[in-house]
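Reviewing the structure listed below.
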Amino acid sequence: MNFRSRIFPSSLLAFFLLPLSSRAEMTNEALARANAAIQAAAPRAQADPARPIFHVTSPGNWMNDPNGPIYYKGYYHLFYQLNPFSDGSGPKYWGHVRSRDLAKWEPLPIALWPSSEAGEAEVWSGCCTINGMGQPMIFYTSIAPGKSAQTHAEQWAALGDDDLIQWRKSPSNPVLSETLHGAKKIYDWRDPFVFHEKDKTFLVTGGNLNETKGGQAAVNIYEAQNAALTEWKYRGVLFLIPDPAARTAECPNFFKLGNEWVLFVSPYGKVQYYVGDFDAETCRFHPRTNGFLDYGPNFYAPNTMQVPDGRRLVWGWVTGFPEGHGWNGCLTVPRLLSLSRDGQLEQNPAPQLAKLRGKAVKFQNGLVGICNTNTMEIQAEIDLPTAKTFEMQIGDAGSKSLIVVSFNGTELQVMDAKAPLTLTGGRKLNLRIFLDRSVLEVFANGTVCITKTIQPPAAAANLTVHVDGGSSTAKLIHAWPIKTIW
Ligand code: FRU
């Protein structure tokens, strides 16, 4: 195992020679500062009328990517990138929440923080898995102080207790270092994701092979050499993103959905998916179809979880909130993944979200209704046999916070975000709309998603539906107030 790293052996040795109590104080000090900063921000965050109530947020300050989603011992666990010190981006820690039912969530203590005594400044994104010895294990990207993440990174691990609440850094860190690549240089090397196939354990990372020009965004693959998952072998580039505009491949997720292999990458732009075959011997991926996970401007860095029945959920980071409110960022609702017959990715809100619904308001023919809340779900089934356009307004006409969702026959539009949408099977449009104060998530026919932040946040909303240019029936429109997940 290669131990060359930025952890200078002398400082590491000095740290381990300290009495246990002083070691604990050193780490607790970083943690205590982080907790104090979160606590200081929380009242302002909570008082902000724009802060979502049924999307996962940190108790205060900044959050970004969902990290390490895992179902373990009766709980769905989600970790997330957290800057405890401000509501703008900054040094990253791992926040933690868990849920028994995917509806109600419980905030938990910070799971990972930088081990400054071991030469670590930030703990970036990664995954959580159970190693071959049955130990919960987090893999993440470790960033050193004063070094650019573009040119220097290591992949570290931490071992967890049975509740996944307390973590200790692996004595084998770094578990993957750049020396694995030999002469090859991988820039922006990060975001480890572990998966298994044919009795083997693999790990993928994102990065790019050409720092200055871009256009060589690469997903790299490694194969585990021991059951403890502390030794790895570089198996090359799993897949080079063909899109020349993709500058890098952040947060790769690679998993089996039915009989197909699916790759997600976040390329500093719209998140892409690819569907195809994986050869576990050669470690190469051959996609047949591809597309975007979400057409909105505020969706990034999704991460997936396999649940006990074998299905898979995804959460994305909802970006694009203003600073200065004591919080910033949330996760999408959990989305259940599937594939259509022609290899398109389908995403539908996890059925468990229905537990959060209050009393239904039903609109059958008179298509105007009062919901009187700005935290709600709308479900609409619309037949558009000949109609050219469809438009739904949430809010009061003329008001600044009016939300407009429309379809013109070829394109779905949510405010200013547009997505191509083809109606099949009798021209049916099925919409699921989740409005959570300043967050809007729209699902159309399972194949198109648009996530958007809205400023100012939605007002307690009326609902109006217009259909122009021909016959159509809004078979049924339901709306439910949605309760908080906390
Ligand atoms: C994606 C990302 C990851 C990185 C993390 C840092 O948003 O840039 O590549 O690990 O955020 O917070």
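All of these numbers come straight from a predicted model, not from anything done at the bench. Nothing fancy with the numbering, it's 1 onward along the sequence.
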Rounded to the nearest 0.5 Å, what separates atom CG in L435 from atom CD1 in I454? 5.0 Å
R98 NZ/CZ over Y75 ring centroid, <6.0 Å and within 45° of normal: yes
In terms of relative ring orientation, are W317 and Y300 parallel, tilted or perpendicular, with 30° and 60° separating the classes? perpendicular
Check: F278 ring centre within less than 6.0 Å of F202 ring centre: yes
Do F285 and Y274 have their ring centres less than 6.0 Å from each other? no
Under the side chain to side chain contact (heavy atoms under 4.5 Å, CB included) rule, collect the residues that match up with L402, sequence neighbours excluded. Q393, S399, V404
Going by the rule side chain to side chain donor-acceptor pair (under 3.5 Å), which residues pair with T304 if we only count those two or more places apart in sequence or in a different chain? N253, R312
Atom CG of N259: over 12 foreign heavy atoms under 6.0 Å: no
If you round to the nearest 0.5 Å, how far is OG1 of T129 from CE of M137? 9.0 Å
Would you confirm whether the ring centroid of H478 sits within less than 6.0 angstrom of the ring centroid of W480? yes
Residue pairs meeting ring pair (Phe, Tyr, Trp, His ring centres under 6.0 Å), one or both in residues 323-352, sequence neighbours left out, come to F321-W327
Decide if the gap between the ring center of F195 and the ring center of W261 is smaller than 6.0 angstrom. yes
